[in-house]
Visitor: 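Quick one: structure below, then a few questions.
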Amino acid sequence: MALAYFEQLKISQDAWQVCAEALAQSIYSDDHIKFFCFQVLEHQIKFKYSELTEVQQQLIRETLITWLQAQMLNPQPEKTFIRNKAAQVFALLFVTEYLTKWPKFFFDILSVVDLNPRGVDMYLRILMAVDAELVDRDVVHTSEEARRNTLLKDTMREQCIPSLVESWYQILQNYQYNNSELTCQCLEVVGAYVSWIDLSLIANERFINMLLGHMSVEVLREEACDCLFEIVNKGMDPIDKTKLVESLCQVLQSAGLFSIDQEDDVDFLARFSKLVNGMGQALIASWTKLIKNGDMKSAQDTLQAIEAKVSLMLQLLIHEDDDISSNIIGFCYDYLHILKQLSALSDQQKANVEAIMLAVMKKLTYDEEYNFENEGEDEAMFVEYRKQLKLLLDRLAQVSPELLLASVRRVFNTTLQNWQTTRFMEVEVAIRLLYMLAEALPVSHGAHFSGDVTKATALQDMMRTLVTSGVSAYQHTSVTLEFFETVVRYEKFFAVEPQHIPTVLMAFLDHRGLRHTSPKVRSRTAYLFSRFVKSLNKQMNPFIEDVLNRIQDLLELSPPENGYQALLSSDDQLFIYETAGVLIVNSEYSAERKQALMRNLLTPLMEKFKVLLEKLMMAQDEDRQMALADCLNHAVGFASRTSKAFSNKQTVKQCGCSEVYLDCLQTFLPALSCPLQKEVLRSGVRTFLHRMIICLEEEVLPFIPSASEHMLKDCEAKDLQEFIPLINQITAKFKTQVSPFLQQMFMPLLHAIFEVLLLPAEENDQSAALEKQMLRRSYFAFLQTVTGSGMSEVIANQGAENVERVLFTVIQGAVDYPDPIAQKTCFIILSKLVELWGGKDGPVGFADFVYKHIVPACFLAPLKQTFDLADAQTVLVCITVFFSFTLIAMWQTEGKKNNGHIVLMVDLSYKENTLFFLNGVLIWLLLTCCGTVFCSSPMLKIKLENCRFENLTLICITCELTLSESEQTGCSSLGCSGFSCDR
């Protein structure tokens with residue numbers, strides 16, 4: 001109730017005056033009331049300021065200045081949140097009035113606050129709030145606001161920035177030793193403003209010397225770092241930038257800041273690392289510009305300056321704190337990019353590359369505190385940091401691939417020789433480096449073991465060591481996972497040395513992989529095992545039956561009532577079923593043997609399915625019903641997943657497995673008639689049908705009518721939306737083969753759709769509105785599939801009344817619904833119908849329908865105010881409309897005549913759409929040989945009479961002249977001036 005009262009008070013006409021008086025006279029002591037008063041003023045300035053009189057606007061200015069004066073006299077300062085809100089109100093008033101009524105805004109504030117600490121605090125907060133209004137890129141501004149902000153900054157540069165800069169210097173000078181909080185605030189202001197003011201005001205001897213002095217003061221140095229970073233980051237001439245950076249570096253180095261101690265304050269070092277990164281990248285940007293300008297001498301000087309910073313860069317990169325290391329990676333990456341461009345590297349540069357390489361290898365290592373079983377925010381940050389290091393490794397490979405390969409090989413071999421006594425993080429990173437080489441040294445189609453003999457030999461040796469060393473038995477999840485990731489990444493190795501396949505298969509199948517104690521390892525291994533088996537293909541032949549026997553227990557469907565915790569989740573089991581299917585289908589067995597193996601795989605599923613379906617039919621408890629339905633759904637999903645093993649080269653029929661999958665269909669389809677948990681069961685069976693349409697082809701057709709009948713009973717919007725793609729798939733694949741079925745189920749399907757669409761819904765129910773929109777799209781997609789498959793007779797044979805109803809829904813979808821995706825589909829349908837039914841064989845009255853409804857739809861849809869040409873989908877609709885025009889034009893010019901007439905009344909007030917679209921209209925009129933076109937403002941009349949391929953006359957009703965005559969007289973009618981015609 002209180003909140004509603006405050007909101008009502010905020011928008012009332014006189015509330016701002018009450019609040020202004022309360023603030024000016026300090027009537028209230030309650031902080032929340034003060035905050036609310038500022039909110040009311042903020043609302044008034046932001047939304048209603050133009051409604052105020054001059055006197056009222058002056059009152060707001062005086063109120064804020066009075067409140068500011070009071071801050072220096074109050075015994076206690078206001079709470080921080082009140083001061084921040086007050087600063088926001090000052091900033092809002094600034095952007096509103098500075099250019100017109102309050103040009104002395106900052107001078108008035110400075111005259112009030114002088115050097116009073118509380119006043120200075122508010123002054124600095126106001127400056128930060130103004131910067132946020134003008135510059136903050138996180139705030140989305142309209143183009144008008146952007147123009148206003150640019151003008152404000154330009155005016156400030158001319159009128160007050162020098163004075164503001166002088167005030168900052170005075171504040172820093174006065175408070176640097178006795179008020180660190182104000183000094184840090186001021187440094188933050190300088191850092192914020194330096195990006196858009198004249199750099200010479202800040203980058204001068206007195207300011208820089210002061211800032212460098214702050215670098216030695218513990219409480220100030222972090223803000224001083226950030227301020228120097230902003231100065232270095234400012235765009236300027238490359239030679240001047242180099243001089244500036246070098247002068248800063250000399251002073252920082254002489255102050256001892258280039259000697260990094262691991263024990264130093266990490267918060268400061270993180271800021272310092274960011275500063276060094278900024279200086280390094282600034283020098284590199286200068287070098288790039290100088291090279292581009294052909295100034296080779298200056299470029300060489302700049303390169304020497306860059307090289308001089310590499311030692312410091314390496315100290316920061318190798319720092320044990322990842323934030324400090326992360327902040328310098330940009331400089332490191334760009335430095336390597338320079339080296340990549342050089343024709344030859346010096347000995348020192350080669351040493352730098354190797355040092356960076358060793359640093360990256362070290363920093364990739366996990367620390368002892370990493371929580372592998374319960375990864376939180378810190379772990380997620382390290383994963384992101386590792387991704388940055390990977391980019392550095394990739395860049396190192398581009399600079400010196402031979403050195404990278406040799407370094408990784410040395411680390412890998414040294415570590416793997418003694419893996420039993422080496423810490424897990426060192427073993428993991430050694431394997432990880434081998435894994436990362438696959439992307440750092442890219443080849444075509446993963447052919448790492450052919451081509452370059454040196455590289456192939458090194459990788460082959462490391463892979464051989466990996467699979468024979470026994471490191472897969474290391475008792476840490478990170479090492480185990482890295483082992484499996486790497487053997488799958490280098491699967492081509494097993495084509496070169498297939499004798500190692502049994503060793504790796506056993507690792508996958510025993511306690512190291514699919515039966516590991518960690519669920520995380522088991523889950524990931526299930527996926528990797530599937531990939532491994534798929535990639536080896538025919539090389540798996542000797543092991544197929546052994547593998548199938550070993551995974552038998554992992555294939556069991558776990559009913560909800562047995563209470564047994566399965567090793568793998570249902571999602572993981574999907575990969576195991578797919579793997580089993582791949583093994584069977586890709587084997588060299590006969591079709592009979594493949595059928596037997598596939599039946600052995602799927603029969604337990606079918607038997608369990610029948611039992612569980614009976615239990616579901618009798619279940620009373622809803623939770624138990626849901627658990628049983630999920631289990632049934634999993635069974636269908638597992639069977640469906642095995643079918644992914646088939647391909648054009650190995651079809652279900654060729655493998656002799658059609659009968660097995662037809663048995664599955666007969667087993668699963670009765671679930672559609674189950675009245676319980678319909679959504680879950682239908683979803684599973686529908687997915688299986690999608691797969692069977694692909695795999696069984698016409699053998700699946702006898703099952704479709706019965707399945708469709710069940711799925712159309714008691715269905716909701718989502719059911720229909722998911723059912724229609726199945727019908728579309730059948731229609732597109734089998735076309736005329738399913739014509740009788742489509743004709744039979746066409747109107748029942750449409751009735752079900754219309755029934756759901758007509759259901760009443762609450763006005764604010766966004767979920768229901770979205771469901772209806774998606775169903776409407778699905779409906780139009782169905783009609784598009786039918787017409788696009790050359791089966792328009794399915795619609796034509798539904799009876800004249802039904803055909804007319806269908807056509808009108810398409811017209812309605814094209815014009816009335818502000819959904820560009822549906823509109824585009826509707827115009828495609830209409831175009832196709834014109835193409836198919838435009839001849840003598842089309843339905844009776846279709847020609848009239850074209851002129852009375854399709855042509856007007858082509859005009860009306862783009863002229864709707866909801867037709868947003870800034871939207872890419874809407875532009876596609878426009879293209880589709882013009883395509884429809886073209887088809888109608890082609891049809892008409894083939895001797896067709898329209899002896900009636902069309903009058904269109906369209907709103908021209910939405911000028912952007914109108915002028916864009918009228919060009920298309922006129923082109924169409926020219927193509928379709930119209931007699932006379934009349935136009936007027938504010939409404940447009942288009943009259944087509946006795947269409948013949950002759951002339952086109954445009955007459956403006958406002959000036960009663962033809963277009964060419966009206967151009968001479970200069971008629972300003974929107975309708976007239978909106979047309980153009982080159983006769």
Side-chain angles (χ1 to χ4, degrees), residues 672-673 675 678-683 686 705 707-728 730-731 741-787 791-792 794-830 832-833 843 845-846 849 852-854 856-857 860-861 864-867 873 877:
L672 293 174
S673 58
K678 290 181 296 184
E679 185 177 345
V680 175
L681 295 177
R682 286 179 179 181
S683 174
R686 193 164 48 235
S708 300
E709 184 181 346
H710 284 299
M711 282 190 271
L712 282 175
K713 283 182 181 175
D714 305 321
C715 51
E716 297 177 0
K718 189 178 178 183
D719 299 320
L720 286 168
Q721 188 186 323
E722 292 175 352
F723 171 65
I724 289 172
L726 180 68
I727 298 301
N728 290 348
I730 294 166
T731 305
F741 159 70
L742 279 178
Q743 292 195 43
Q744 182 182 349
M745 60 80 61
F746 186 83
M747 287 314 297
L749 173 60
L750 263 61
H751 285 144
I753 293 170
F754 295 157
E755 189 177 333
V756 171
L757 289 175
L758 290 171
L759 286 174
E762 292 184 19
E763 188 175 345
N764 297 323
D765 190 343
Q766 296 294 323
S767 176
L770 181 61
E771 277 195 350
K772 287 189 176 184
Q773 182 189 49
M774 299 308 292
L775 177 57
R776 203 175 284 116
R777 285 183 187 178
S778 297
Y779 163 61
F780 293 133
F782 168 60
L783 295 181
Q784 182 187 353
T785 304
V786 171
T787 54
M791 297 170 64
S792 59
V794 169
I795 302 174
N797 294 339
Q798 299 302 318
E801 187 178 336
N802 287 330
V803 171
E804 186 176 358
R805 184 178 182 187
V806 170
L807 291 175
F808 275 118
T809 62
V810 179
I811 294 292
Q812 192 177 22
V815 177
D816 294 340
Y817 298 119
D819 178 3
I821 293 174
Q823 285 181 297
K824 180 167 73 84
T825 306
C826 289
F827 278 112
I828 291 171
I829 295 166
L830 294 172
K832 195 66 182 177
L833 289 176
F846 183 71
F849 185 84
K852 289 180 180 177
H853 301 288
I854 296 181
L860 293 171
K864 287 274 186 178
Q865 292 205 11
T866 53
F867 201 82
Q873 287 290 343
V877 177

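Positions are given from 1 along the sequence. Values below: all heavy atoms of this structure, side chains included; hydrogens, waters and symmetry mates excluded.
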Visitor: Search all heavy atoms of His853 against all heavy atoms of Phe808 and return the closest pair with its distance.
Guide: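 For His853 and Phe808, the tightest heavy-atom pair comes out as CE1-CE2, 3.4 Å.
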Visitor: Can you confirm whether Leu672 sits close enough to Arg682 that some side-chain heavy atom of one is under 4.5 Å from a side-chain heavy atom of the other?
Guide: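 The answer is yes, as the side chains (C-beta and beyond) meet within the 4.5 Å cut-off.
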Visitor: So does Asp819 pair up with Arg777, basic N to acidic O under 4.0 Å?
Guide: yes
Visitor: Please tell me if the side chains of Phe741 and Ser708 come closer than 4.5 Å, counting only heavy atoms from C-beta onward.
Guide: yes
Visitor: Looking at side-chain heavy atoms only, is the closest gap between Leu749 and Phe723 below 4.5 Å?
Guide: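 Yes, side chains in contact.
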Visitor: Could you check Asn728, Leu833, Val794, Val806 and say which one makes a side chain to side chain contact (heavy atoms under 4.5 Å, CB included) with Leu783?
Guide: Val806
Visitor: Met745 versus Ile727: any side-chain heavy-atom pair under 4.5 Å?
Guide: yes
Visitor: Once you round to the nearest 0.5 Å, how far does CG of Leu758 lie from CD1 of Ile753?
Guide: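 Separation between the atoms: 11.5 Å.
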Visitor: Work out which heavy atom in Leu742 is nearest to a heavy atom in Met791; give both atom names and the distance.
Guide: CD1-CE, 3.3 Å
Visitor: Rounded to the nearest 0.5 Å, what separation is found between the CG atom of Leu770 and the CG atom of Leu775?
Guide: 11.0 Å
Visitor: Specify the closest pair of heavy atoms between Gln721 and Glu771, including all atoms of both residues, with the distance to one decimal.
Guide: OE1-O, 4.0 Å
Visitor: Give the minimum heavy-atom separation between Glu679 and Asp719, together with the two atoms involved.
Guide: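 Result for this residue pair: CG-OD1, 4.4 Å.
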Visitor: Roughly how far apart are Ile730 CD1 and Thr785 OG1, rounded to 0.5 Å?
Guide: 11.5 Å
Visitor: Which pair of heavy atoms, one from Ser778 and one from Ile724, lies closest together, and at what distance?
Guide: O-CG2, 3.3 Å
Visitor: Quick one: pull up CG in Leu807 and CD1 in Ile795 and give me the separation to the nearest 0.5 Å.
Guide: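 If we round to the nearest 0.5 Å, Leu807:CG and Ile795:CD1 are 7.5 Å apart.
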Visitor: When you compare the side chain of Ile811 with that of Leu830, does any pair of heavy atoms fall below 4.5 Å?
Guide: yes
Visitor: Give a yes or no on whether the ring-centroid distance for Phe746 and Phe782 is below 6.0 angstrom.
Guide: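 Judged by ring-centre distance (under 6.0 Å), Phe746 and Phe782 do meet the cut-off.
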Visitor: Tell me, do Gln823 and Tyr817 make a side-chain contact under 4.5 Å, heavy atoms counted?
Guide: no
Visitor: Could you go through Tyr779 and Thr809, starting from their C-alpha distance and side-chain angles, then the distance that decides it, and tell me whether this counts as side chain to side chain contact (heavy atoms under 4.5 Å, CB included)?
Guide: CA-CA 10 Å; Tyr779 163 61; Thr809 62; 2.7 Å; yes
Visitor: Can you list every pair that meets salt bridge (charged side-chain N to carboxylate O under 4.0 Å, His left out) and has a residue in residues 799-814, with sequence neighbours left out?
Guide: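 The answer is none; no pair qualifies.
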Visitor: How far apart are the closest heavy atoms of Ala752 and Leu720, and which atoms are they?
Guide: O-CD1, 3.5 Å
